[in-house]
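All remarks here apply to the structure that follows.
Along the sequence shown, residues carry numbers from 1.
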Amino acid sequence: MANTISQQEHERHKRRRTRQWLGLGICVLVLIGAFTVIASAVNGVAVLFDDTEEKLEYEQRLQALVMLDPLPFESLDQADPALFKEASVWAAVSAAQNSATGLDAYERDPNTDSLLLPAVEVDAAAAALFGPDYKLTHETFNNVGGDMTFEYDEEKQCYLIPVTGQVGMYTPLVEKLDKKSGKMYVTVGYVPAPGLNGDFSLSAPTEPTKYMDYVFQKVDGVYYLCALEVSEMKPSSSAAASAPETDMDYEDYFDPTSVIAEGAGSLPTDSEPASDSAAAEGETTSEPASDSAAE
């Protein structure tokens with residue numbers, strides 16, 4: 001009898017131990033499942049708020065315009081249309097370069113070897129940034145610096161793009177995207193182009209030396225540029241200290257060995273070269289100096 005009771009107790013103890021191990025295993029599985037769900041949720045939220053690709057898209061859209069360093073404007077009609085046209089030309093050229101066939105598929109002028117860029121592609125580049133309602137007037141025009149001519153062939157409806165080693169003054173770095181009041185505010189850092197002002201040293205700035213806010217308005221589900229504002233974001237002290245000189249002569253606006261001058265977008269295309277006005281100012285300011293020297 002005692003042996004029977006002892007055997008029953010042993011079996012109950014064995015079953016209890018089995019249930020305990022089974023419960024522990026279930027708890028471990030539950031914890032693993034919970035951690036997996038939490039990790040998936042965290043990763044999902046991170047992906048949801050990761051706007052890296054969107055920032056890169058805006059950098060590509062704004063590359064040609066940032067390169068020309070336009071001045072702020074409250075609406076598209078307040079900006080220089082020649083600058084927008086030039087930005088659209090370079091955006092179309094960039095799109096052609098990045099296509100499967102590259103620039104080899106484009107016709108060349110037999111006399112100058114200039115690229116014949118169809119006006120329809122320039123229109124498409126303008127519409128992609130400024131919206132479908134923004135219209136360009138196709139005609140021969142000079143860049144804002146006045147030293148490069150974009151000749152328009154009315155018969156072929158193409159622009160003759162000169163062979164040039166032009167270099168933009170800045171490249172864009174989108175720092176943040178902020179949606180408010182139905183608009184998208186894209187804060188863009190202006191990173192000086194390599195070799196700016198002939199500076200190829202290791203001390204040349206590699207981070208933004210200034211910031212601008214490009215304002216986009218949604219039209220039919222797509223954001224298009226509508227304004228440009230000075231940003232509240234400021235460069236670091238080291239970047240500001242190494243900011244490039246921007247009071248360059250506009251004759252160097254697209255010189256292959258130089259860069260685009262800051263503020264060039266404010267000049268009309270038919271204005272006198274800035275170098276003439278600068279020279280005139282130099283003459284007026286030099287007279288009093290010579291008089292004082294004579295005294």
Nearest 0.5 Å, please: how far is CE in Met212 from CG in Leu65?
10.0 Å
For the pair Arg108 (side chain) and Asp113 (backbone), establish whether a donor and an acceptor sit closer than 3.5 Å, ignoring hydrogens and angles.
yes
At what distance, to the nearest 0.5 angstrom, does CG of Asp153 lie from CD of Glu155?
6.0 Å
With rounding to the nearest 0.5 Å, note down the distance linking CD1 in Ile161 to CH2 in Trp90.
6.0 Å
From Tyr214 atom OH to Cys226 atom SG, the distance as rounded to the nearest 0.5 Å
13.0 Å
Could you tell me which residues satisfy ring-ring contact (aromatic ring centres under 6.0 Å, His included) with Tyr223, sequence neighbours excluded, listed by chain and number?
none
Indicate the atoms forming the closest heavy-atom contact of Ala105 with Thr101, along with that distance.
CB-OG1, 3.5 Å
Student check: side-chain heavy atoms of Leu173 and Glu59 closer than 4.5 Å:
yes
Short side-chain to backbone donor-acceptor contact, Ser181 and Lys183, under 3.5 Å:
no
Ignoring hydrogens, what is the shortest heavy-atom contact between Pro118 and Cys158? Give both atom names and the distance.
CA-SG, 3.7 Å
Could you check whether any side-chain heavy atom of Ser94 comes within less than 4.5 Å of a side-chain heavy atom of Gln63, counting everything from C-beta outward?
no
Under the criterion side chain to side chain contact (heavy atoms under 4.5 Å, CB included), I'd like the reasoning laid out for Gln60 against Lys55: C-alpha separation, chi angles, the key distance, then a yes or no.
CA-CA 9 Å; Gln60 294 174 355; Lys55 287 180 178 179; over 6 Å; no
Using a 3.5 Å distance criterion without hydrogens, assess whether the side chain of Thr140 forms a donor-acceptor pair with backbone atoms of Tyr152.
yes
Do Glu107 and Lys156 touch side chain to side chain, with heavy atoms closer than 4.5 Å?
yes
Kindly indicate whether the side chain of Glu207, heavy atoms from C-beta on, has any atom under 4.5 Å from the side chain of Pro235.
no
Is the ring centre of Tyr159 less than 6.0 Å from the ring centre of Phe150?
no
Linking I/L/V/M/F/W/Y whenever any side-chain heavy atoms sit under 4.5 Å apart, do Leu62 and Tyr211 land together?
no
Do other residues, nucleotides or ligands put more than 12 heavy atoms under 6.0 Å from the CG atom of Asp220?
no
Assigning hydrophobic clusters by single linkage (Ile, Leu, Val, Met, Phe, Trp, Tyr; side-chain heavy-atom cutoff under 4.5 Å), is Leu103 placed with Leu117?
yes
Would you check, one step at a time, whether the test side chain to side chain contact (heavy atoms under 4.5 Å, CB included) holds for Asp123 with His138?
CA-CA 9 Å; Asp123 284 330; His138 295 300; 2.7 Å; yes
Looking at side-chain heavy atoms only, is the closest gap between Val188 and Val66 below 4.5 Å?
yes
Check whether any side-chain N or O of Glu86 sits under 3.5 Å from a backbone N or O of Ala82 as a donor-acceptor pair, and report yes or no.
no
Inspect the surroundings of CD in Glu74 and state if more than 12 heavy atoms from other residues, nucleotides or ligands are less than 6.0 Å away.
no
Working to the nearest 0.5 Å, report the span between CZ of Arg61 and CG of Leu225.
8.0 Å
Does any part of the side chain of Pro70, heavy atoms only, come nearer than 4.5 Å to the side chain of Leu228, both counted from C-beta?
yes
Within the 4.5 Å heavy-atom criterion, are Asp178 and Asp213 side-chain neighbours or not?
no
Could you walk me through whether Asp69 and Lys210 satisfy the salt bridge (charged side-chain N to carboxylate O under 4.0 Å, His left out) test, starting with their C-alpha distance in whole Å, then the side-chain angles of each, then the deciding distance to 0.1 Å, before giving a yes or no?
CA-CA 11 Å; Asp69 191 20; Lys210 70 174 183 177; 3.0 Å; yes
Pro162 and Thr149: which non-hydrogen atoms are nearest, and at how many Å?
CG-O, 3.4 Å
Distance-minimising heavy-atom pair for Ser88 and Ala125:
O-CB, 3.4 Å
According to a 4.5 Å side-chain heavy-atom criterion applied to Ile, Leu, Val, Met, Phe, Trp and Tyr, with indirect links allowed, do Val122 and Leu116 form part of one hydrophobic cluster?
no
To check you understand the geometry: which heavy-atom pair defines the closest contact between Leu68 and Ala87, and what is its length?
CD1-N, 3.6 Å
Return yes if some donor-acceptor pair links the side-chain N/O of Ser231 with the main-chain N/O of Met233 below 3.5 Å, else return no.
yes
Is the side chain of Lys176 donor-acceptor paired with the backbone N or O of Val186 at a distance under 3.5 Å, no angle test?
no
Is there side-chain contact between Tyr58 and Met184, with at least one heavy-atom pair below 4.5 Å?
yes
Other residues, nucleotides and ligands only: do more than 12 of their heavy atoms fall within 6.0 Å of CD on Gln97?
yes
Quick check against the 3.5 Å criterion: does Asp109 have a side-chain atom that pairs as donor or acceptor with the backbone of Thr112?
yes
Do Tyr224 and Leu129 share a hydrophobic cluster, counting only Ile, Leu, Val, Met, Phe, Trp and Tyr and linking them when any side-chain heavy atoms are less than 4.5 Å apart?
no
Linked, directly or transitively: Tyr185 and Val230 (ILVMFWY side chains, under 4.5 Å)
no
Do you know the tightest heavy-atom contact between Ala92 and Glu121?
CB-O, 3.8 Å
Residue pairs passing the ring-ring contact (aromatic ring centres under 6.0 Å, His included) test where at least one lies in residues 108-133, sequence neighbours excluded
Phe84-Phe130, Phe130-Tyr134
